[in-house]
Amino acid sequence: MKKFYNDITDALTMLSGLESDLNIMDFNPNEKKVFYTIISNEATKGEPSNITEVVNQSGMSRSTVYKTLKKLSIAGIIDLSQSDEDKREFLINFS
């Protein structure tokens, strides 16, 4: 059991270092979840995510995701652009 706790401690230390390197230590839990969801989606698909994908993957409400994306956009971390294919949808790109 001690190895398990040591492994978890090591993982949390690495995550903290990563968040520090990415300058997201001050993000609240919603911002971190949306940020990680965007990265995960882009890594999987190889193209920008849209708001609907982030809502579906994160399990958060559309309203919460939209408000969080607006905060990230104002902070200059992401850019939101209207999709050419579906004018109701916005694409998410990192700034």
Side-chain angles (χ1 to χ4, degrees):
M1 192 63 134
K2 184 175 180 180
K3 181 176 176 359
F4 172 76
Y5 288 119
N6 287 338
D7 290 346
I8 294 294
T9 300
D10 290 345
L12 291 172
T13 300
M14 289 188 325
L15 181 59
S16 178
L18 176 63
E19 290 177 349
S20 179
D21 290 346
L22 293 171
N23 200 24
I24 62 171
M25 292 292 291
D26 295 332
F27 280 16
N28 68 38
N30 286 347
E31 292 165 342
K32 286 181 183 179
K33 188 167 189 173
V34 168
F35 183 81
Y36 288 138
T37 301
I38 295 166
I39 290 172
S40 177
N41 283 349
E42 285 198 27
T44 302
K45 294 180 1 179
E47 60 186 41
S49 295
N50 62 46
I51 293 175
T52 300
E53 292 168 338
V54 174
V55 169
N56 293 337
Q57 292 295 320
S58 69
M60 300 167 72
S61 72
R62 185 171 184 85
S63 174
T64 299
V65 169
Y66 187 76
K67 288 175 188 174
T68 303
L69 290 173
K70 280 299 209 185
K71 286 175 75 176
L72 295 176
S73 178
I74 290 168
I77 296 166
I78 62 166
D79 292 315
L80 298 173
S81 59
Q82 193 172 32
S83 170
D84 291 333
E85 292 138 18
D86 184 350
K87 299 297 183 189
R88 300 169 295 172
E89 194 65 74
F90 285 86
L91 301 177
I92 305 161
N93 295 291
F94 285 102
S95 299

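By convention here, the first residue in the shown sequence is residue 1. Computed from a prediction, not measured in an experiment: that's the story for all the values here.
Annotation: Lys87, atom NZ; neighbour count of heavy atoms from other residues, nucleotides and ligands within 6.0 Å is above 12.
Distance check, rounded to the nearest 0.5 Å: OG of Ser16 to CE of Met25 gives 4.0 Å. Separating the CG atom in Asn6 from the CE atom in Met1 is a distance of 12.0 Å, to the nearest 0.5 Å. Annotation: the span from Glu31 atom CD to Asn28 atom CG amounts to 3.5 Å, rounded to 0.5 Å. Asn93 CG to Glu42 CD: the interatomic distance, rounded to the nearest 0.5 Å, is 6.5 Å.
Closest approach of Phe94 to Asp79, counting heavy atoms only: O-OD2, 4.5 Å. Scanning all heavy atoms of the two residues, the minimum distance from Asn50 to Thr52 falls at OD1-N, 3.1 Å. When all heavy atoms of Val55 and Arg62 are compared, the pair lying nearest together is CG2-CA, 3.6 Å. Nearest heavy-atom pair, Val54 versus Asn41, reported as atom, atom and distance to 0.1 Å: N-ND2, 4.1 Å.
There is no side-chain donor-acceptor pair under 3.5 Å between Tyr36 and Gln57.
Looking at Phe35 and Leu22, their side chains come closer than 4.5 Å, going by heavy atoms from C-beta outward. Met14 is not listed as a side-chain neighbour of Asp10, based on a closest heavy-atom distance of 4.5 Å or more.
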